[in-house]
Amino acid sequence: MTAFSPPAMPRDFVTHADLQGRRVWQILPAALSAVPALQGLSFPGASTGEHDSWDFPQAQRVCVALIDGMGWHMLNERLAYAPFLRQELRNQVRDLNAYTCVPSTTASAITSITVGRGPGQTNMLGYQVRDPKTAEVFSLISFEDAPCEPEIFQPHPTLFETLVAAGFTSDVLGPKKFIGRGLTRTSLRGARYVTSETLDARIACALDASYKGTTLTYFYWAELDHVGHSRGWKSEEWAHELEVLSSGLEQLAKGLAPGTLLIVTADHGMVDTDPSTRFDLASKPEIAQSVEAVAGEPRALQIFTRAGHGSQVKSLLKQWLGDLALVLDRNETALLIGEVARPEILGDVCVFMSGNAVLVDSRFHSAKAMELPGVHGSLTEAEMCVPALSILV
């Protein structure tokens with residue numbers, strides 16, 4: 001696919017060069033490729049040199065701690081609350097971060113990380129997408145009202161499935177409520193799902209898995225993201241949650257079986273917003289009359305227009321939002337994301353917001369969705385850059 005370098009990118013956006021560099025979906029394939037027992041297996045990206053910049057040490061097994069919503073810049077600004085992570089950042093001898101996928105949102109990123117492919121290949125192109133045949137908008141978290149089963153929508157094998165098919169073991173650690181959910185079926189299928197509700201319980205399960213010799217253990221923690229959405233990442237509540245998490249990760253790192261490679265990473269970062277930077281499509285009749293539906297999320301809104309109105313809506317949005325947004329048509333968005341198998345899933349016009357601005361449509365969005373203090377999905381450094389720490393126990 002032709003590389004895309006859009007003109008007049010907002011100043012706080014990542015660069016085109018960043019998007020050609022280290023990406024989150026390369027982490028696990030590269031780490032698993034460093035396990036000697038797995039040398040005969042083929043992981044995504046191995047033949048294209050995507051793993052070359054990671055240089056993970058050899059290990060007997062891998063444990064990945066995926067912390068939802070822990071962006072690189074957020075973490076660095078609040079390191080005073082995370083003494084273990086602060087010390088590990090000082091100890092690292094390799095690059096410490098990576099860039100997540102476009103859009104920078106959970107459903108897209110988690111599936112990319114556990115499949116080893118970008119969201120253009122997995123079809124996980126936002127928080128919500130619209131089915132091009134039925135015109136129904138559905139969530140990629142729940143898959144409620146989806147046109148097909150999650151396993152069909154996201155057709156590529158997960159890394160867990162690859163391991164299990166070759167006779168190796170993998171565990172996914174998470175809350176009971178995630179069992180059978182759409183996102184679990186797109187991104188975590190193939191693993192043994194181990195229910196663990198609290199941080200201490202999840203740590204205990206991860207330690208147990210390492211001593212049982214589980215090849216890949218996936219440790220997921222969502223509370224930091226939850227607090228960021230509800231209170232904002234600059235809140236005291238977020239700082240407290242980071243403090244608790246850092247202590248738990250220290251316990252995990254010190255207790256894992258020798259020969260375990262612990263990777264600490266995240267799916268996306270976050271920005272805090274407020275009502276003064278909220279733009280509502282419904283307030284602009286000249287635009288609203290041409291909008292049939294919206295998907296994505298307020299930081300990366302996908303707009304579906306009436307037939308033949310896409311160019312007009314794009315032009316009006318650029319005039320209205322100016323340098324607060326990158327406004328692209330479907331083809332430009334697909335080029336930006338890279339290797340999109342089904343571009344028809346994307347909106348006719350896609351809008352990536354800069355600064356802390358959001359673009360909503362009060363005819364489609366709930367008040368709660370429009371008023372979240374913490375948001376993500378766009379192309380800013382704060383949302384795109386995530387930690388990629390590795391610790392060989």
Side-chain angles (χ1 to χ4, degrees), residues 9-15 17-19 21-27 53-56 64-106 109-110 113 199 219-253 262-274 299 353-356 373-391:
M9 290 275 276
R11 289 190 299 272
D12 57 349
F13 277 18
V14 297
T15 67
D18 293 330
L19 296 179
R22 291 156 55 96
R23 306 301 294 272
V24 290
W25 60 79
Q26 301 164 358
I27 295 175
S53 65
W54 289 97
D55 190 31
F56 287 120
V64 57
L66 181 58
I67 312 304
D68 200 327
M70 187 174 71
W72 170 255
H73 295 281
M74 303 154 65
L75 174 61
N76 274 271
E77 285 197 31
R78 312 214 76 174
L79 276 178
Y81 295 91
F84 170 70
L85 291 173
R86 182 173 67 242
Q87 186 60 47
E88 283 304 318
L89 287 174
R90 292 172 179 167
N91 292 342
Q92 296 282 307
V93 295
R94 55 182 58 83
D95 289 339
L96 304 173
N97 53 36
Y99 286 94
T100 192
C101 59
V102 180
S104 53
T105 195
T106 298
I110 285 181
I113 290 168
L199 182 60
F219 180 108
Y220 175 72
W221 192 246
E223 301 312 306
L224 202 66
D225 183 67
H226 292 166
V227 174
H229 279 306
S230 63
R231 312 297 291 185
W233 75 268
K234 295 182 180 179
S235 66
E236 285 304 308
E237 291 89 345
W238 195 90
H240 172 72
E241 183 58 40
L242 178 64
E243 187 174 25
V244 171
L245 173 66
S246 179
S247 177
L249 290 174
E250 180 177 17
Q251 182 184 349
L252 177 64
L262 173 62
I263 295 172
V264 179
T265 189
D267 52 350
H268 57 74
M270 187 174 287
V271 298
D272 286 353
T273 190
D274 58 66
R299 286 287 288 175
M353 303 301 289
S354 69
N356 65 346
V375 289
H376 55 81
S378 191
L379 291 156
T380 67
E381 278 277 345
E383 292 156 285
M384 290 289 294
C385 193
V386 296
L389 308 181
S390 59
I391 303 165

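Atoms considered below: every heavy atom in the structure, side chains included; atoms not considered: hydrogens, waters and symmetry mates. Starting from 1, each residue takes its place in the sequence as its number.
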Gap separating the [atom1] atom of [X] from the [atom2] atom of [Y], nearest 0.5 angstrom:
{"X": "Met74", "Y": "Trp233", "atom1": "CE", "atom2": "CH2", "result": "6.5 Å"}
{"X": "Leu252", "Y": "Ser247", "atom1": "CG", "atom2": "OG", "result": "11.5 Å"}
{"X": "Leu89", "Y": "Asn76", "atom1": "CG", "atom2": "CG", "result": "6.0 Å"}

For [X] and [Y], work out which heavy atoms get closest and say how close.
{"X": "Met353", "Y": "Thr380", "result": "O-CG2, 4.2 Å"}
{"X": "Arg299", "Y": "Ser378", "result": "O-CB, 3.3 Å"}
{"X": "Pro387", "Y": "Gly71", "result": "CD-C, 4.0 Å"}
{"X": "Ser53", "Y": "Arg22", "result": "O-NH1, 3.0 Å"}
{"X": "Ala266", "Y": "Val24", "result": "O-CG1, 4.0 Å"}
{"X": "Ile27", "Y": "Phe56", "result": "O-CE1, 3.5 Å"}

Are His226 and Asp68 close enough, and set up right, to give a side chain to side chain donor-acceptor pair (under 3.5 Å), and what steps lead you there?
CA-CA 8 Å; His226 292 166; Asp68 200 327; over 6 Å; no

Candidate pair Asp267 and Thr106, rule side chain to side chain donor-acceptor pair (under 3.5 Å), full reasoning
CA-CA 6 Å; Asp267 52 350; Thr106 298; 3.0 Å; yes

Any side-chain heavy-atom pair of [X] and [Y] under 4.5 Å:
{"X": "Leu199", "Y": "Phe219", "value": "yes"}
{"X": "Ile113", "Y": "Leu66", "value": "yes"}
{"X": "Leu242", "Y": "Val227", "value": "no"}
{"X": "Val271", "Y": "Glu383", "value": "yes"}
{"X": "Leu245", "Y": "Glu223", "value": "no"}
{"X": "Leu224", "Y": "Trp238", "value": "yes"}
{"X": "Thr265", "Y": "Ile67", "value": "no"}
{"X": "Met270", "Y": "Lys234", "value": "no"}

Exercise answer: donor-acceptor pairs, residues 79-87 side-chain atoms, under 3.5 Å, sequence neighbours excluded:
unit_1: Arg86; atom_1: NH1; unit_2: Leu79; atom_2: O; d: 2.8
unit_1: Gln87; atom_1: NE2; unit_2: Asn91; atom_2: OD1; d: 3.1

The side chain to side chain contact (heavy atoms under 4.5 Å, CB included) partners of His73 (sequence neighbours excluded) come to Glu381, Cys385

What verdict does the side chain to side chain donor-acceptor pair (under 3.5 Å) test give for Trp72 and Glu77, after you've listed the backbone C-alpha separation in whole Å, the side-chain angles of each residue and the deciding distance to 0.1 Å?
CA-CA 9 Å; Trp72 170 255; Glu77 285 197 31; over 6 Å; no

Is there a donor-acceptor contact under 3.5 Å from the side chain of [X] to the main chain of [Y]?
{"X": "His268", "Y": "Thr105", "answer": "no"}
{"X": "Asp18", "Y": "Thr15", "answer": "yes"}
{"X": "Ser235", "Y": "Gly232", "answer": "yes"}
{"X": "Asp225", "Y": "Met70", "answer": "no"}
{"X": "Ser390", "Y": "Ile263", "answer": "no"}

Apply side chain to side chain contact (heavy atoms under 4.5 Å, CB included) to Arg23 and Thr100, showing your working.
CA-CA 6 Å; Arg23 306 301 294 272; Thr100 192; over 6 Å; no

Partners passing salt bridge (charged side-chain N to carboxylate O under 4.0 Å, His left out) against Glu237 (at least two apart in sequence or in another chain):
Arg231

